[in-house]
Amino acid sequence: MLRKEEIRQQIKRRKRQFTEEQLRELSLAIIDRLLGHPRIKKAKRILMYYSLPDEVYTHEAIIQLVNEGKEVFLPVVLDNFEMELHKFSRKDNMSEGAFNIMEPIGHKYTDFDSIDVAVIPAIAYDEKNNRLGRGKGYYDRFLSKIPLAYKIGICFDFQKITDIPADNNDVPVDEVI
Ligand SMILES: Nc1nc2c(c(=O)[nH]1)N(C=O)[C@@H](CNc1ccc(C(=O)N[C@@H](CCC(=O)O)C(=O)O)cc1)CN2
Ligand SMILES: Nc1ncnc2c1ncn2[C@@H]1O[C@H](COP(=O)(O)OP(=O)(O)OP(=O)(O)O)[C@@H](O)[C@H]1O
């Protein structure tokens with residue numbers, strides 16, 4: 001089994017074979033599956049992520065979900081490796097946070113039990129739905145706070161691997177799409 005850092009390097013090499021435009025193109029089918037997913041259809045409150053250029057592109061999907069009447073929440077990174085959730089309202093009510101990620105301005109949302117579905121990005125997922133993140137532990141720490149949410153892992157096909165070395169902190173997702 002490869003160690004976590006080796007997997008991160010391997011996936012980075014795979015990503016470099018695509019342009020940002022190609023990754024956008026690959027995102028379309030994945031986002032279609034996500035928006036058509038029965039859990040998303042039923043959900044009232046959804047934790048999404050505001051994608052970076054090397055991730056499955058979510059900017060339009062977020063707007064679409066809001067237009068369908070969902071409440072969408074996004075992570076806001078704090079400087080102690082914790083993250084909180086803020087409700088997304090509109091694109092021009094955001095500011096750039098840590099790691100160049102756009103984050104909603106406004107109050108933190110703490111009613112975690114009301115989140116129906118959480119859509120979780122990753123560097124890689126394995127066949128047991130274990131997740132490998134960017135190595136800072138933000139989602140590892142956060143996911144245990146939303147035990148009731150149905151967790152959907154999302155990544156490109158080339159990010160799906162056989163095995164990720166899981167440790168005690170790692171919370172697997174319910175499904176990878
Ligand atoms: N879109 C998005 N939002 C997210 C995450 C994410 O992975 N994607 N997070 C998931 O945790 C949290 C933020 N954590 C992050 C941690 C590292 C990097 C990052 O770009 N790391 C660089 C190395 C930078 C450095 O070490 O200073 C890298 O991966 O190359 C980004 C986000 C919360 N919000
Ligand atoms: N629940 C937790 N409580 C405290 N520390 C944690 C927790 N989860 C992970 N960590 C620490 O965070 C660091 C990063 O862990 P790991 O490499 O598993 O993160 P990751 O899953 O790749 O990243 P991320 O969750 O940011 O996407 C490690 O030093 C780990 O010990």
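Since we're looking at a predicted model, the values are computed, not measured. Indexing begins at 1, ligand by ligand and atom by atom, following the structure's order.
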State whether [X] and [Y] are salt-bridged, where the test is any N-O pair (Lys NZ or Arg NE/NH1/NH2 against Asp/Glu carboxylate O) under 4.0 Å.
X    : Y    : answer
E21  : R24  : no
R90  : D92  : yes
K128 : D170 : no

What does the N/O contact table under 3.5 Å look like for ligand 2?
from	atom 1	to	atom 2	distance (Å)
ligand 2	5 (N)	R141	NH2	3.3
ligand 2	8 (N)	N169	ND2	3.3
ligand 2	17 (O)	R8	NH2	3.2
ligand 2	18 (O)	K4	NZ	2.9
ligand 2	18 (O)	D140	OD2	2.9
ligand 2	19 (O)	D140	OD2	3.1
ligand 2	21 (O)	G133	N	3.4
ligand 2	21 (O)	D140	OD1	3.2
ligand 2	21 (O)	D140	OD2	2.8
ligand 2	22 (O)	R8	NH2	2.6
ligand 2	22 (O)	G133	N	2.9
ligand 2	22 (O)	G133	O	3.1
ligand 2	22 (O)	G135	N	3.1
ligand 2	23 (O)	G135	N	3.2
ligand 2	23 (O)	G137	N	3.2
ligand 2	25 (O)	R131	NH1	3.3
ligand 2	25 (O)	Y138	N	3.4
ligand 2	25 (O)	Y139	N	3.1
ligand 2	25 (O)	D140	N	3.1
ligand 2	26 (O)	K136	N	3.4
ligand 2	26 (O)	G137	N	2.7
ligand 2	26 (O)	Y138	N	2.9
ligand 2	27 (O)	R131	NH1	3.2
ligand 2	27 (O)	R131	NH2	2.8
ligand 2	27 (O)	R134	N	3.2

Nitrogen or oxygen atoms of [X] and ligand 1 under 3.5 Å apart:
X    : answer
Y138 : no
Y49  : no
Y139 : no

Checklist entry - Would you say the side chain of D157 lies within less than 4.5 Å of the side chain of L26, judging by non-hydrogen atoms? => result no

Checklist entry - Pick from K42, R39, E175: which one makes a side chain to side chain donor-acceptor pair (under 3.5 Å) with Y150? => result E175

Item to check | Residue part near ligand 1, for R8, under 4.0 Å between non-hydrogen atoms | outcome: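 Neither; nothing of R8 gets under 4.0 Å from ligand 1.
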
Checklist outcome for this item: Within 4.0 Å of some non-hydrogen atom of K12, the atoms of ligand 1 are 30 (O)

Checklist outcome for this item: Under 4.0 Å from one or more heavy atoms of K136, ligand 1 contributes atoms 16 (C), 25 (C), 26 (O)

Next on the checklist: Taking ring pair (Phe, Tyr, Trp, His ring centres under 6.0 Å) as the cut-off, I'd like each qualifying pair that reaches into residues 30-54, sequence neighbours left out, listed once.
Outcome noted: Y50-H59

Item to check | Sub-4.0 Å protein heavy atom next to atom 22 (C) of ligand 1 | outcome: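 No, no protein heavy atom sits under 4.0 Å from atom 22 (C) of ligand 1.
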
Next on the checklist: Among residues at least two apart in sequence or on other chains, which ones pass ring pair (Phe, Tyr, Trp, His ring centres under 6.0 Å) with Y139?
Outcome noted: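 With neighbours one apart ignored, the set is empty.
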
Item to check | Test side chain to side chain donor-acceptor pair (under 3.5 Å) applied to D116 - qualifying residues, sequence neighbours left out | outcome: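 By the side chain to side chain donor-acceptor pair (under 3.5 Å) rule, D116 matches no residue at all.
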
